[in-house]
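Step one of this worksheet: look at the structure below.
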Amino acid sequence: MRPFFHAITIGLACCAGTFPVSADIESSIAAGSDPSANLSRIVRALRQLQQSNPSVDSRSEVLNILDNASNAQQVRRSLGSLLPEVTRLHALRERSTPAFNSRRAKHMSRGPTGEYSAYLQPFSSNLVWLDSSDRYQPSADFWLQTWVDQGTQDDADGFDGFDSESRGFAIGVDYNFSENLALGISAGRNNGEVSSDIFGADQQDSNEIAIAVFYEQGIHSFNGSFKHSKGEIDRERIIIVDTDTDTDSRRFRLNSDFESTQNTFSLGYSLFLTHSDNVTVSPYLLATYSHLAIDDYIERGTGSLALIVETDDEAQLTGTLGANISWSWTAGKWLVAPHIGVAIERDFRADVTTTFSRFSDAPTSLRFQTTGYNVEQNRWRYSFGISALHTKNVSVSINYEGQRKSDYKYDAAIINLRIRI
């Protein structure tokens, strides 16, 4: 099946048969179903700009192909490819850096000698310590984390899907003021690529910093955090204008560079229920609000078809309900703990990507609006892994984290090393 074009936001159903050779495309579109007038706006802009500057070859070529189109589907696909890319922006919010945050944990199991206890954070699988002596001593946990991940978005609402992959690292420190209170800070870097089948790709890189506060009382644990991410996006967009024979399509390449800013706030609560000395069940709730802003940008390349693009801000408000279970055993000076977790998450806002764009030499009166696909609101999250704690000095964990929606899947592998000072 031919892939869907990634930027078609409206239907086009011609009421008077096909488009004959040399048909007036704009009036044919007007006779069909074009509620937001996007497609007719593109044609109108191309014609007006071409009349004012008839020497521009790429516009003349596109108009000539469209004027000689033989059917409405061919016109719709070609005009759709002239709109700005919106699908790949969803990758910025669909993926969340695996377990990236300062972290603290709560009860998992006790070492056989009673000298220390190991704890598992329910929001990111990782072991830390808690001294069991009568007099608590402040301490700091330094940690290093690295990951690789990949995601796949299926075609949705007539939009071409994408594949994404990334890799990154984070470093951080959690300072334990008391048995009950800790503060964590962290910083990291993520490098990623997002590509569609034939319409280009994005290089999406970001720097991230985070701060978190953890409070524990008995079997109850509370978590609040803020994460700031500054991204750099290097985009290639490919325009494909269909001729009467699909094997002879005309392609134009455009490039752009722009930045993104994402701020994320979260609040969490977890309950730690000890089933036995070596088994702990941890149900938890997590609320997260995220705001994503994309800078305006101007495309480069085939100048007459390049766009000036403005993107509306997007927001997510998610609620997560989940549970982890962990069990442990000792092997010499090591405490070993496998763990599994599952959660259901709902996005209560599910904003779609919306852009306003115009050809680079067109007035604002000729701009058009493009909206992305409807975002699936529910997703499943699950994880499993194994952690090992060596006395009071070192812990290491290897984890898998996955996400699934009806049209999206995500998989990540994470390694974490922690040293207590």
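You'll find the side chain of Ile233 reaches within 4.5 Å of the side chain of Ser260, heavy atoms only. Considering only heavy atoms from C-beta on, Thr371 stays 4.5 Å or farther from Val86 through its side chain. In this structure, Trp143 and Ile419 have side chains that are not in contact, with every pair of non-hydrogen atoms separated by 4.5 Å or more. Looking at Thr288 and Gln316, their side chains never come closer than 4.5 Å, going by heavy atoms from C-beta outward. Considering only heavy atoms from C-beta on, Val309 stays 4.5 Å or farther from Phe258 through its side chain. You'll find the side chain of Tyr297 stays beyond 4.5 Å of the side chain of Ser357, heavy atoms only. Side chains of Trp334 and Trp329 form no contact here, defined as non-hydrogen atoms less than 4.5 Å apart. Put simply, the side chain of Leu271 reaches to within 4.5 Å of the side chain of His220, judged on heavy atoms.
Under the 3.5 Å distance criterion, with hydrogens and angles disregarded, a donor-acceptor pair is assigned to the side chains of Ser290 and Gln262. Of the N and O atoms on the side chains of Thr280 and Ser326, not one donor lies less than 3.5 Å from an acceptor on the other residue. Donor-acceptor pairing under 3.5 Å is lacking for the side chains of Asn399 and Glu401. In the model, Glu314 has a side-chain atom that pairs as donor or acceptor with a side-chain atom of Thr353 under 3.5 Å. Arg418 and Asn416 are not linked by any side-chain donor-acceptor pair at a separation below 3.5 angstrom, with hydrogens and angles left out of the test.
Across Ala343 and Trp380, no two heavy atoms sit closer than the pair O-CE3, 3.3 Å. Considering all non-hydrogen atoms of both residues, Pro84 and Thr370 come closest at CD-OG1, 3.6 Å. The nearest pair of heavy atoms linking Phe226 to Phe265 is CD1-CE2, 3.3 Å. Smallest separation of non-hydrogen atoms from Ser225 and Asn223: N-OD1, 4.1 Å. Nearest heavy-atom pair across Val213 and Leu181 is CG1-CD1, 4.0 Å. The shortest heavy-atom contact between Ala212 and Leu183 is O-CD1, 3.2 Å.
Panel note: side chain Gln204, backbone Gly192; no donor-acceptor pair is recorded below 3.5 Å. A distance-only check finds a donor-acceptor pair linking the side chain of Arg237 to the backbone of Leu83 [under 3.5 Å]. Without hydrogens or angle criteria, Asn180 side chain to Glu216 main chain gives a donor-acceptor distance under 3.5 Å. At least one donor-acceptor pair closer than 3.5 Å links the side chain of Gln153 to the backbone N or O of Asp407.
Under the side chain to side chain donor-acceptor pair (under 3.5 Å) criterion, Gln377 pairs with Arg346, sequence neighbours left out. Residues passing the side chain to side chain donor-acceptor pair (under 3.5 Å) test with Asp257 are Arg300, sequence neighbours excluded. Ser195 meets the side-chain contact (heavy atoms from CB on, under 4.5 Å) test with Asp163, Ala201; sequence neighbours excluded. Listed by chain and number, the residues in a side-chain contact (heavy atoms from CB on, under 4.5 Å) with His291 are Tyr289, Ala293, Asp313 (sequence neighbours excluded). For Glu232, there are no side-chain contact (heavy atoms from CB on, under 4.5 Å) partners at least two apart in sequence or on another chain. Residues passing the side-chain contact (heavy atoms from CB on, under 4.5 Å) test with Thr261, sequence neighbours excluded: His228, Lys230, Asn263.
Expressed to the nearest 0.5 Å, how far CG of Leu305 lies from CG of Leu254 amounts to 6.5 Å. From Trp327, atom CH2 reaches atom NE2 of His339 across 9.0 Å, with rounding to the nearest 0.5 Å. Between Ser395 atom OG and His390 atom NE2 the span is 12.0 Å, to the nearest 0.5 Å. Going from atom CG of Asp205 over to atom CG of Asn191 covers 4.0 Å, rounded to the nearest 0.5 Å. The CD1 atom of Ile344 sits 10.5 Å away from atom CZ of Arg381, with the distance rounded to the nearest 0.5 Å. For the atom pair OG1 of Thr318 and CZ of Phe348, the computed distance is 8.5 Å after rounding to the nearest 0.5 Å.
Aromatic ring centres of Tyr382 and Phe384: separated by at least 6.0 Å.
In this structure, Gln203 places its CD atom where more than 12 heavy-atom neighbours from other residues, nucleotides or ligands lie under 6.0 Å away.
Using a 4.0 Å cut-off between charged nitrogen and carboxylate oxygen, Glu193 and Arg167 count as a salt-bridge pair.
Cation-pi geometry between Arg358 and Phe356 is not met at under 6.0 angstrom from the ring centre and within 45 degrees of the axis.
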Checklist line | Intermediate values then yes/no, side chain to side chain contact (heavy atoms under 4.5 Å, CB included), Ser270 and Ser282 | finding: CA-CA 6 Å; Ser270 55; Ser282 305; 5.5 Å; no
Check: So Ser166 and Asp149, side chain to side chain donor-acceptor pair (under 3.5 Å) or not? Walk me through it.
Finding: CA-CA 5 Å; Ser166 70; Asp149 63 42; 2.6 Å; yes
Check: After noting the C-alpha distance and the side-chain angles of Asn190 and Trp147, does the key distance pass the side chain to side chain contact (heavy atoms under 4.5 Å, CB included) rule?
Finding: CA-CA 9 Å; Asn190 189 77; Trp147 62 83; 2.9 Å; yes
Check: Are Val394 and Leu417 close enough, and set up right, to give a side chain to side chain contact (heavy atoms under 4.5 Å, CB included), and what steps lead you there?
Finding: CA-CA 7 Å; Val394 177; Leu417 173 67; 3.8 Å; yes
Next item on the list: Assess whether side chain to side chain contact (heavy atoms under 4.5 Å, CB included) is satisfied between Leu292 and Ile294, documenting all intermediate values.
Entry: CA-CA 7 Å; Leu292 174 64; Ile294 305 293; 4.1 Å; yes
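Ring planes of Phe177 and Tyr175: perpendicular class, angle over 60° (limits at 30 and 60°).
Among Arg379, Lys409, Glu345, the one residue that satisfies the side chain to side chain donor-acceptor pair (under 3.5 Å) test with Gln403 is Arg379.
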